[in-house]
Amino acid sequence: RSQDFEVIFVSRDRSERDMQMYIANDRMPWPAVRFSQARSNLLNRYAGNGIPCLVILDESGSVVASSYDGDTYLGPGKPLQALAE
């Protein structure tokens, strides 16, 4: 199985300035969805209320692993474990 994947940051910050500060302070090397697009219906389909909400998608956009099981927040462990397998 290929381990090639790309991390894309989707912000839930309150402002674009907050998002930019978060990216800079944590030195995030991966691409980010524009702040103005971060609340699009497509992205909200994958969003949860907990932070961090990690979601792993396959090439077709199907969820492989998520920080949520329905409405239950599981945290980042399940998706991180899926990456390790």
**Student:** Drop me the distance from R34's CZ to S40's OG, to the nearest 0.5 angstrom.
**Tutor:** 13.0 Å
**Student:** In terms of the angle between their ring planes, are Y73 and Y68 parallel, tilted or perpendicular, with boundaries placed at 30° and 60°?
**Tutor:** tilted
**Student:** To the nearest 0.5 Å, how far apart are NZ in K78 and OG in S66?
**Tutor:** 7.5 Å
**Student:** Mind checking whether V64 and V7 sit in one hydrophobic cluster, side chains of I, L, V, M, F, W, Y counted as touching below 4.5 Å?
**Tutor:** yes
**Student:** Starting at CG of L80, measure out to CD1 of I56 and round the result to the nearest 0.5 Å.
**Tutor:** 7.0 Å
**Student:** Of all the heavy-atom pairs spanning D13 and Y22, show the shortest one and how long it is.
**Tutor:** OD2-CB, 4.2 Å
**Student:** Any non-hydrogen side-chain atom of W30 less than 4.5 Å from a side-chain atom of I8?
**Tutor:** no
**Student:** Same cluster or not: F35 versus V10, using hydrophobic residues (I, L, V, M, F, W, Y) connected whenever any side-chain heavy atoms lie under 4.5 Å apart?
**Tutor:** no
**Student:** Could you pull out the closest heavy-atom pair between M19 and V33, with the gap in Å?
**Tutor:** CE-O, 3.3 Å
**Student:** How long is the span from the CZ atom in R12 to the CG atom in N44, to the nearest 0.5 Å?
**Tutor:** 4.5 Å
**Student:** Looking at every heavy atom in both P31 and E6, which two are closest together, and how far apart are they?
**Tutor:** CG-OE2, 3.4 Å
**Student:** Check A38 against S11 and note the closest heavy-atom contact, atom names and distance.
**Tutor:** CB-O, 3.5 Å
**Student:** Within this structure, what is the CE-CD distance for the pair M21 and E16, rounded to the nearest 0.5 Å?
**Tutor:** 13.0 Å
**Student:** How far does OG of S67 sit from CG of N49, to the nearest 0.5 angstrom?
**Tutor:** 12.0 Å
**Student:** Tell me whether the count of non-hydrogen atoms from other residues, nucleotides or ligands lying under 6.0 Å of CG in D71 goes above 12.
**Tutor:** no
**Student:** Just checking D58: does its CG atom have more than 12 heavy atoms from other residues, nucleotides or ligands closer to it than 6.0 angstrom?
**Tutor:** yes
**Student:** Going by heavy atoms in the side chains, are V63 and L57 under 4.5 Å from each other?
**Tutor:** yes
**Student:** For the residue pair A47 and C53, what are the closest heavy atoms and their distance?
**Tutor:** C-SG, 4.3 Å
